[in-house]
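A quick write-up on the structure given underneath.
Chain naming here is simple, since letters A, B, ... match the order of the sequence lines and numbering starts at 1 in each. No hydrogens, no waters, no symmetry mates; every other heavy atom, side chains included, goes into these values. Keep in mind it's a predicted model, so treat the numbers as computed, not measured.
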Amino acid sequence: MKEFVYSRASGLSDLTAGATIIAGGTNLLDLMKHEVMTPEHLIDINGLGYDQIEEQADGLRIGSLVRNSDLAAHPLVRNRYPVLSRALLAGASGQLRNMATTGGNMLQRTRCPYFYDTRMDCNKREPGSGCAAIGGITRNHAIFGTSDQCIATHPGDMAIALRALDAMVEIDGKRPRTVPFADFHLLPGDTPHIETVLEPGDIITAVTLPAPVVGEHRYRKVRDRASYAFALVSVAAIIAMDQGRISHAALAFGGVSHKPWRDPAVEDMLLGQTPSADLFAKAADLLLEDAKGHEGNEFKIPMLRRTLMAVLHDTTGMELTA
Amino acid sequence: MRINLDINGQNHDLEVDPRTTLLDALRTHIGLTGTKKGCDHGQCGACTVMLDGRRVNSCMTLACMTEGSSVTTIEGIGSPENLSTLQREFVAHDGFQCGYCTPGQICSATAMLEEIRQGWPSHASANLEGPFDLSHEEIAERMSGNLCRCAAYSNIIDAIKAAADASKSQETVA
């Protein structure tokens, strides 16, 4: 690990633009050990007090320092936003969830092996150096929204549920603002090293959830082992039915893109319809129309299709037939 | 930099480089070598300790960030003369072969049983609201952050189940 200066922030004025923020540290310290990230100044924000979960008139406000385990176990989250509890519990290990924070989890970096290996070309780690993943081993790479500069995925689970829940991100700094979760993460394009809309000196203070949708919440994750592994594909779903028709459909997908993926056209196709295997197949066709595999991850296309179909059957109470 | 923390009930004042992990501080600065270094990247769980009562990977924690905290390591859980219930059951059920992962397994399981007492759900729980019976699947899921390269998993699970049952019957007696 490269040398760095360590200090603790006691207020926002302590956050200098050139410094790197550390909270749970579960991803950052790993990247520092690999010397993928080499901050010169670490600022510990654990003393800033953003660790409350507050009920609001029209939803929930989750402080950015709330630990993953506390968020997953919180009675209001379990009861009103079960897709979020489920996504959190599907991620990492008990030890890591005790350390990882809401803000940090959103900002975790890709697990692309070429990003982690400092001997390899990576436009995300070293802009302009190239992408060794393209033409390389691509098992965990993206099928949506890739560019010829980067095919990495966002590795998170929590973020996929927050995308389906239409969360908002509260940011403090020079320009305090609230950003829809949908706009928070960026596609790689020509600048894969820029992953979010955060600017130097910004800090995430909270994530807010709108009023809960009463319906079926699911987080279905497919991975190489039963626990403690990143998603090959995952589906966060919130589906409500009214008189036999789909009245609310929110579907977000993990393991498939540089950001939590969502396709409003797929949801529009489902809304107001009576559930049927035919409808679900058409929705999956539409979702996967623009999917593009890279040899090693071609399998994700049929896998995402089957996972989506299974979740739609499950949430609408339909028997899954072969 | 100087840090002060409580380790197994004893106050320690340490001078550490900011890069020092809690794991290295425990092993090389204090000489508590019960906590093991496996992968050093938060993937194996051999370094698990309890930080303010919660299980964490000490390899993924900077010592300087634990100022004022209280740490419990395997040395604080029991001694050869006075084993904890979990330690006794690991012996009784042969919950190890080489033993390298065992301190982490026991620290992790000690905290995990407390998480269940607090009513925390897991990925394996059918219902997020509980009840959480200590099935094979529940224990395996909740302990997935601790790897055992000897693959003593089935005996580890039996030991944890026996320890949970023992403390439950003790509570009933009390």
Spatial distance of atom [atom1] ([X]) from atom [atom2] ([Y]) [nearest 0.5 Å]:
| X | Y | atom1 | atom2 | answer |
| --- | --- | --- | --- | --- |
| A:L29 | B:R19 | CG | CZ | 13.0 Å |
| A:S93 | B:Q43 | OG | CD | 10.0 Å |
| A:L96 | B:R55 | CG | CZ | 10.0 Å |
| B:C59 | A:K33 | SG | NZ | 4.5 Å |
| A:Q95 | B:L51 | CD | CG | 12.5 Å |
| A:S227 | B:R142 | OG | CZ | 11.0 Å |

Counting only heavy atoms closer than 4.5 Å, note whether [X] contacts chain B via side chain, backbone, both or neither.
| X | answer |
| --- | --- |
| A:A72 | backbone |
| A:N46 | side chain |
| A:L42 | side chain |
| A:A100 | neither |
| A:N79 | both |
| A:K2 | backbone |
| A:M99 | side chain |

Can you tell which of B:A140, B:G45, B:A124, B:G42 has the highest number of heavy-atom pairs within less than 4.5 Å of chain A? B:G42

Counting heavy-atom pairs under 4.5 Å with chain A, which one of B:N146, B:L128, B:D40, B:D17 comes out on top? B:L128

Of the backbone (N, CA, C, O) and the side chain (C-beta and beyond), which part of [X] lies under 4.5 Å from a heavy atom of chain A, both, or neither?
| X | value |
| --- | --- |
| B:T48 | side chain |
| B:T61 | both |
| B:D52 | neither |

Do [X] and [Y] touch side chain to side chain, with heavy atoms closer than 4.5 Å?
| X | Y | value |
| --- | --- | --- |
| B:P121 | A:R78 | yes |
| A:F4 | B:L62 | yes |
| A:S69 | B:E115 | no |

Step through the shown structure and confirm whether more than 12 heavy atoms of other residues, nucleotides or ligands are within 6.0 Å of CG on B:L83. yes

